[in-house]
Protein chains: 2
Amino acid sequence: MSAEHWLPAHVRAAGIERTLKAGQSLFRMGDVPPGLFEVMKGKVRLVRMDASGRETVLYTAAPGSMVSEASLFAPAYHCNALASTAAVVRLYPKALLLAEFERDQRVGQAFMRMLAREIMNLRTRLELFNIHSARARVRHYLALHAGADGRTVILSGSVKDLASELGLSHEALYRTLAAMQRGGEIVRQKNRITFRPSV
Amino acid sequence: MSAEHWLPAHVRAAGIERTLKAGQSLFRMGDVPPGLFEVMKGKVRLVRMDASGRETVLYTAAPGSMVSEASLFAPAYHCNALASTAAVVRLYPKALLLAEFERDQRVGQAFMRMLAREIMNLRTRLELFNIHSARARVRHYLALHAGADGRTVILSGSVKDLASELGLSHEALYRTLAAMQRGGEIVRQKNRITFRPSV
DNA sequence: CGGCGTTTTGAGAGAGCTCAACATCGGTGG
DNA sequence: CCACCGATGTTGAGCTCTCTCAAAACGCCG
């Protein structure tokens with residue numbers, strides 16, 4: 001959900017900035033969505049809690065990414081947004097955006113494209129979560145997040161964060177990474193993983 | 001993704017119908033999307049295959065539902081569509097739709113709303129797949145698909161179909177349903193499940 | 001009636017989860 | 001400068017739960 005400058009300057013300028021401390025809540029399930037948030041600094045994650053208190057990470061927004069696109073048309077949020085790190089977000093009010101969509105067709109269409117891309121991301125994630133083997137999940141993730149060379153992934157957070165993004169316990173992930181390294185499938189540096197694609 | 005008559009009559013009239021036999025493919029990953037499909041009769045499922053041949057059901061479209069909304073802006077399909085039963089679909093060509101979005105703001109906005117709803121559905125599904133216990137998954141599904149009375153779910157296919165929609169092996173699902181019935185949590189009739197919500 | 005797919009139950013094994021202990025690292029304050 | 005402390009990183013061991021392979025009853029349709 002990258003902004004990629006599809007939003008006209010005058011709308012961006014009208015954004016209302018807000019600063020969040022690590023762990024602070026941006027919005028909660030049930031709140032009325034005021035508009036669209038763009039993450040300027042830090043990271044914000046969308047999560048849901050199930051009955052047992054388990055947290056499902058629905059999405060992690062990095063600088064340039066949007067949050068709550070889907071809720072722009074909904075009467076209430078259906079998940080919680082929490083700052084994973086200290087963060088700055090910018091709010092674009094709903095009415096302003098809808099007016100802009102009407103004024104300039106291209107903006108509205110860019111927004112559709114963004115929604116469509118998010119749908120595809122979510123489907124890919126769904127596929128990931130349907131994989132039971134931890135090793136296969138890691139492979140799937142690595143293949144999908146490889147950099148330009150096709151065999152390097154930069155971790156943007158702790159391994160623990162990665163674990164919750166993969167829907168694995170952090171212990172299982174540590175073990176899997178260790179085993180893959182022993183087997184020569186991956187090499188780990190500070191916050192970088194190099195791997196052999198499609199062995 | 002229900003159509004709900006948001007599409008103007010003259011666009012609907014321009015749709016191209018196509019008949020599919022059970023198991024027949026509507027489109028495959030990599031194909032160029034010609035437009036939007038509406039399911040008129042039967043059921044069509046979106047699936048992806050992972051490396052091991054396991055099939056992940058991304059979405060099941062019933063009559064009135066749209067397929068390939070997200071791919072309207074993509075150069076190629078990112079998943080496969082298969083007829084689960086004998087089915088009839090109607091194709092709305094991409095160019096026609098985009099022109100209509102420009103002509104009438106409300107149609108474009110209705111489409112955005114549809115995309116947004118699909119995002120929320122997918123997030124709910126993601127949450128479902130993050131639940132490991134079969135029983136909790138079934139509870140989650142039942143709570144979400146309860147009818148007006150809040151405690152009855154009509155199964156629209158076989159239990160086996162339900163199993164793949166829940167991401168469970170069919171054996172696990174049968175066992176779980178049997179156990180829940182023994183425990184008095186649910187009552188099963190022909191193709192209907194009645195349950196006690198939030199016990 | 002025969003065949004095929006769904007439904008059901010059994011048994012075993014593998015894999016991830018949980019609880020637990022310990023190492024490591026960075027930041028804080030004395 | 002060093003001790004402390006909390007969070008991350010790492011490894012161990014046992015347990016539970018689903019998956020897989022198997023087999024049999026059931027129901028529907030030609």
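All chains are named by letter (A, B, ...) in the order of the sequence lines, taking the proteins before the strands, and each is independently numbered beginning at 1.
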The side chain of [X] lies closest to which of these nucleotides: [options]?
X	options	value
A:Val159	C:dG16, D:dT18, D:dG9	D:dG9
B:Ala134	D:dT18, D:dG9, C:dC19	D:dT18
B:Ala178	D:dT20, C:dT9, C:dT18	C:dT9

Quiz item: When the nearest nucleotide of DNA chain D is assigned to B:Glu171 and to B:Thr176 on a heavy-atom basis, which residue is associated with the more 5' position?
Solution: B:Thr176
Quiz item: What is the nucleic acid contact for A:His170, judged by heavy atoms within less than 4.0 Å: base, sugar-phosphate only, or nothing?
Solution: base
Whole-Å distance between [N] [atom2] and [X] [atom1]?
X	N	atom1	atom2	result
A:Lys160	D:dT10	NZ	P	12 Å
A:Leu177	D:dG9	CG	P	11 Å
A:Arg137	C:dG16	CZ	P	9 Å
B:Phe129	D:dT18	CZ	P	15 Å
B:Leu173	D:dC19	CG	C1'	14 Å
A:Leu168	D:dG9	CG	P	15 Å
A:Asn191	D:dG9	CG	P	11 Å

Quiz item: Does a donor on one side chain and an acceptor on the other come within less than 3.5 Å for A:Thr56 and B:Arg123?
Solution: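 No - no donor-acceptor pair under 3.5 Å links their side chains.
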Quiz item: Cut-off 3.5 Å, side chains only: do A:Asp161 and A:Ser158 have a donor facing an acceptor?
Solution: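 Yes, A:Ser158 and A:Asp161 have a side-chain donor paired with an acceptor closer than 3.5 Å.
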Quiz item: So, is B:Tyr174 close to the C:dT7 phosphate, meaning a side-chain N or O under 4.0 Å from OP1 or OP2?
Solution: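 So the side chain of B:Tyr174 is within the cut-off, an N or O lying under 4.0 Å from OP1 or OP2 of C:dT7.
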Quiz item: Can you find a side chain N or O atom of A:Arg188 that sits less than 4.0 Å from OP1 or OP2 on D:dG9?
Solution: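 Answer is no, no contact under 4.0 Å.
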Quiz item: Is the cationic atom of B:Arg137 (NZ for Lys, CZ for Arg) positioned less than 6.0 Å from the six-membered ring centroid of B:Phe129 and within 45 degrees of its normal?
Solution: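 B:Arg137 over B:Phe129 ring: yes.
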Quiz prompt | Positive for side-chain contact (heavy atoms from CB on, under 4.5 Å) with B:Phe73, one of A:Met114, A:Gln109, A:Arg117, A:Met120 | solution = A:Gln109
Quiz item: Could one point to a donor on the side chain of A:Arg175 or the base of D:dG12 with an acceptor on the other under 3.5 Å away?
Solution: yes
Quiz prompt | Toward the 5' end of DNA chain C, by each residue's nearest nucleotide, A:His132 or A:Lys190 | solution =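 It is A:His132, whose closest nucleotide lies nearer the 5' terminus.
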Exercise. Would you kindly compare B:Arg182 and B:Asp161 by the position of their nearest DNA chain C nucleotide and give the one closer to the 5′ end?
Key: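 Here B:Asp161 is the residue nearer the 5' end.
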Self-check item: Sub-4.5 Å side-chain heavy-atom contact between A:Phe27 and A:Pro33
Solution: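 A:Phe27 does not reach A:Pro33 side chain to side chain.
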